[in-house]
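Only one structure is covered here, and it is reproduced in the block below.
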Amino acid sequence: MSNTLTLIAGFTAKPGREERLRNELDAMIAPSLAEEGCIAYRPYVDPERADRMIIVEEWADSAALEHHFTLPHFKHVARVLDEILAEPFTLRRLTDAPA
């Protein structure tokens, strides 16, 4: 059984901040994928609501994720999100279901 951790983070932008949200989340892709322990990092836009996005992330383990939270690119986006989100983001942590 895999020990990976999957995250689904949900975001809703303030009116007029949709493009900034997309740009900020897109800017997280390359540095996050370069981190040891990051297996996948992919943002998605809701086709019905341009103000809503999610990121699906997969990490080798909890330690890799916790390290991600300490890095400059994460700290930067966290500050920006405080300014551009209409509501606090949601975060779901998922693990593999038992076979």
Side-chain angles (χ1 to χ4, degrees):
M1 177 184 289
S2 174
N3 194 26
T4 63
L5 178 63
T6 300
L7 290 180
I8 301 174
F11 308 90
T12 303
K14 290 179 182 174
R17 300 296 200 142
E18 299 87 356
E19 185 175 351
R20 176 87 189 270
L21 177 61
R22 282 191 299 276
N23 292 340
E24 292 292 341
L25 295 182
D26 285 348
M28 290 288 293
I29 298 169
S32 297
L33 287 172
E35 293 175 45
E36 187 173 335
C38 183
I39 298 165
Y41 199 95
R42 172 116 187 187
Y44 296 88
V45 177
D46 184 331
E48 304 296 320
R49 297 265 317 261
D51 63 329
R52 290 190 179 173
M53 292 187 69
I54 65 164
I55 293 180
V56 178
E57 308 173 31
E58 187 175 5
W59 297 89
D61 53 31
S62 293
L65 176 61
E66 292 305 318
H67 179 68
H68 171 69
F69 293 150
T70 70
L71 297 175
H73 58 276
F74 180 84
K75 290 180 180 183
H76 166 77
V77 82
R79 284 190 303 274
V80 171
L81 291 176
D82 283 343
E83 300 169 16
I84 64 175
L85 292 183
E87 58 195 44
F89 69 90
T90 61
L91 189 61
R92 290 194 118 161
R93 293 176 185 233
L94 307 168
T95 57
D96 294 332

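Hydrogens, waters and symmetry mates are skipped; everything else that's a heavy atom, side chains included, is used.
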Check: Are Val80 and Arg20 side-chain neighbours, meaning at least one heavy-atom pair lies under 4.5 Å?
Finding: yes
Notebook entry, point to check: Got Pro43 and Ile29 here, is their nearest side-chain heavy-atom distance under 4.5 Å?
Noted result: yes
To the nearest 0.5 Å, atom CD1 of Ile84 lies from atom CG of Asp51 at 11.5 Å
Query raised in the report: So, the side chain of Lys14 versus the backbone of Glu87: is there a donor-acceptor pair under 3.5 Å, distance only?
Result: no
The reported gap from CD1 in Ile55 to CD1 in Ile8 (rounded to nearest 0.5 angstrom) is 11.5 Å
key: Note: Glu57-Arg92 ion pair, threshold 4.0 Å (strictly below)   = no
Salt bridge (charged side-chain N to carboxylate O under 4.0 Å, His left out) filter on Arg42, not counting sequence neighbours, yields none
What one should report as the nearest heavy-atom pair of Ile54 and Gly10 is CG2-CA, 4.0 Å
Are side-chain heavy atoms of His76 and Met28 found at a separation under 4.5 Å?
-> no
**Request:** Assign the ring pair Trp59 / Tyr41 to parallel, tilted or perpendicular, where the plane angle (0 to 90°) is split at 30° and 60°.
**Result:** perpendicular
Starting from the C-alpha separation in whole Å, work towards a yes-or-no answer on side chain to side chain contact (heavy atoms under 4.5 Å, CB included) for Arg93 and Leu65. CA-CA 11 Å; Arg93 293 176 185 233; Leu65 176 61; 3.6 Å; yes
So CG of Leu91 and CG of Leu7: to nearest 0.5 Å the spacing works out to 5.0 Å
To the nearest 0.5 Å, atom CZ of Arg17 lies from atom CZ of Arg22 at 13.5 Å
side-chain contact (heavy atoms from CB on, under 4.5 Å) test vs Arg52 passes for just one of Asp46, Leu21, Val45, namely Asp46
Correct closest heavy-atom pair for Phe11 and Leu81 would be CE2-CD1, 3.7 Å
Sequence neighbours excluded, the answer for ring-ring contact (aromatic ring centres under 6.0 Å, His included) partners of His67 is none
Taken to the nearest 0.5 Å, the spacing of Phe69 CZ from Phe74 CZ works out to 5.0 Å
Fill in: Modelled atom types, side-chain donor and acceptor of His73 and Glu35, under 3.5 Å
yes
*Sub-4.5 Å side-chain heavy-atom contact between Leu5 and Asp61*: no
When rounded to the nearest 0.5 Å, the distance separating CD1 of Ile39 from OG of Ser32 is 13.5 Å
Residues Gly37 and Ala64: closest non-hydrogen pair is CA-CB, 3.8 Å
Q) Are Phe89 and Leu94 co-members of a hydrophobic cluster defined by side-chain heavy atoms under 4.5 Å apart? A) no
Would one find more than 12 heavy atoms of other residues, nucleotides or ligands at under 6.0 Å from atom CD of Glu66? yes
Sidechain-backbone polar pair: Glu18 side chain, Gly16 backbone, donor-acceptor under 3.5 Å: yes
- Could you tell me whether the side chains of Glu58 and Thr4 share a donor-acceptor contact shorter than 3.5 Å? yes
